[in-house]
Each structure stands twice: as C-alpha cells, then as structure tokens.
Amino acid sequence: MKSLNIFAIGLILFAAVGCSKEKEPTYLKEELLGMAPAEGPDKVDVVLARDINDAVPCADYGDGCLSAHRFRTRDLNFIAVEFETPGQAENAAKKIYAWTARNWLLDDVDGEPLLERWATEHLKAKSFNPQKKTKEGSAGTPAENAPASKASAP
C-alpha cells in the first residue's frame, strides 16, 4: 500500500511539472532603457507628456497593455508600449507594423532608418512589417540588401 501512495504522489508531481509552462522572458522598463548607451547620440531620453491630452493611451494598443511611454533617441521620438507577455506585444505589432523587443512594442520606428538600426542594434528588436523581411542572418533593410542596379554599373 505504501508503494502505491508513493507512486500516486510521484505521478501527481510528474503531471504538475509536465503541465507547467515556462514563463516567457520579459523586460522591465529599467532593463529596456539600460540596454541603450547612457551617453552619446544613442542615449534614450524619456519624453514627458505636456498635459493629460498629450499622454499615450494604453487602450490604443489592445489587450495586455500595461503602460505606454514616449522616448527620444538620435533626435527622433518613438513610443514604447509595455505588454504583459511577448505574445501580446507581437500580436499588437502585427496589426500596426510595429517592432518588438520581448514584451515591448516599439511604435513609430518603422520607416525611420536611424530608429530601425538603433532598435535592432541596442534592443535586438524585430520588425513585424511583412515588407521588411530580410534574409536570415543578413543586416539592414531589404533596400540595403538589394543587388546593385545594372543601370548604375560602369
């Protein structure tokens, strides 16, 4: 009887461990900001809202949004939106062709080459614009990876 109890306890523990889902890695706001240099042109500054009407509403970004912030780097502004999970950030990014870094959605980055390079280099961010898909392991945007035009060849 004792061995049956041990077997039952072992089975319950195995089932509990087998069913537990590993939590996806996320960044806290301080961790995200800490990934960028502390000085120089790549430094990130928090841009405060001038008034209540200037704040970025979390509701604009959908389910799972925890907070939205305006940041500035390289004299360009962008919005960083914190989500509960990376999956929620990716789902929202797909809808608006934004970028993500784990559980953060980066809005107003797409179409700004300086911000795109900065987000890729410092935050290891990825684009969810289907037209920006580059070959695996290549750097730069599709235009930067395109072969030279024969018309411009000597």
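Positions are given from 1 along the sequence. What you see below is based on every heavy atom in this structure, not just the backbone, and it leaves out hydrogens, waters and symmetry mates.
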> Between atom CH2 of Trp104 and atom NZ of Lys29, what is the distance when rounded to the nearest 0.5 Å?
Replying inline: 7.0 Å
> How far apart are the C-alpha atoms of Phe128 and Ile96, what are their side-chain angles, what is the distance that settles it, and do they pass the side-chain contact (heavy atoms from CB on, under 4.5 Å) test?
Replying inline: CA-CA 8 Å; Phe128 280 91; Ile96 61 171; over 6 Å; no
> When rounded to the nearest 0.5 angstrom, what is the spacing between CG in Asp63 and CD in Glu84?
Replying inline: 9.0 Å
>> For a 4.5 angstrom cut-off between non-hydrogen side-chain atoms, does Val46 reach Phe71?
In response: yes
> What heavy-atom pair brings Arg72 and Val47 nearest, and what distance separates the two atoms?
Replying inline: CB-CG2, 3.6 Å
> Can you tell if the side chain of Asp107 reaches within under 4.5 Å of the side chain of Tyr61, non-hydrogen atoms only?
Replying inline: yes
>> Is it the case that atom CG in Asp54 sees more than 12 heavy atoms from other parts of the structure closer than 6.0 Å?
In response: yes
>> Testing the basics here: between Asp42 and Arg74, what is the closest heavy-atom pair and its distance to 0.1 Å?
In response: OD1-NE, 2.5 Å
> Is the closest side-chain heavy-atom distance between Arg70 and Val56 below 4.5 Å?
Replying inline: yes
> Of the non-hydrogen atoms in Leu105 and Ala93, which two are nearest, and what is the gap between them?
Replying inline: CD1-N, 3.4 Å
> Mind checking whether Asn103 and Glu82 have side chains closer than 4.5 Å, heavy atoms only?
Replying inline: yes
>> To the closest 0.5 Å, what do you measure between CD (Glu24) and OG1 (Thr85)?
In response: 5.5 Å
> Got a second to check how far Met35's CE is from Leu33's CG, nearest 0.5 Å?
Replying inline: 10.5 Å
>> Is there a path of hydrophobic side-chain contacts, each under 4.5 Å between heavy atoms, that joins Leu32 and Phe83?
In response: no
> Which heavy atom of Pro25 sits nearest a heavy atom of Pro86, and at what distance?
Replying inline: O-CG, 3.4 Å
>> My understanding is that only one of Asp108, Leu76, Asp110, Leu106 makes a side-chain contact (heavy atoms from CB on, under 4.5 Å) with Leu115; could you say which?
In response: Leu76
> Below 4.5 Å, heavy atoms only, C-beta onward: do Leu66 and Cys58 meet side chain to side chain?
Replying inline: no
> Are Thr73 and Phe78 close enough that some pair of their side-chain heavy atoms sits under 4.5 Å apart?
Replying inline: yes
> Are Ser127 and Tyr97 close enough that some pair of their side-chain heavy atoms sits under 4.5 Å apart?
Replying inline: no
> Do the non-hydrogen side-chain atoms of Trp99 and Glu116 ever get within less than 4.5 Å of each other?
Replying inline: yes
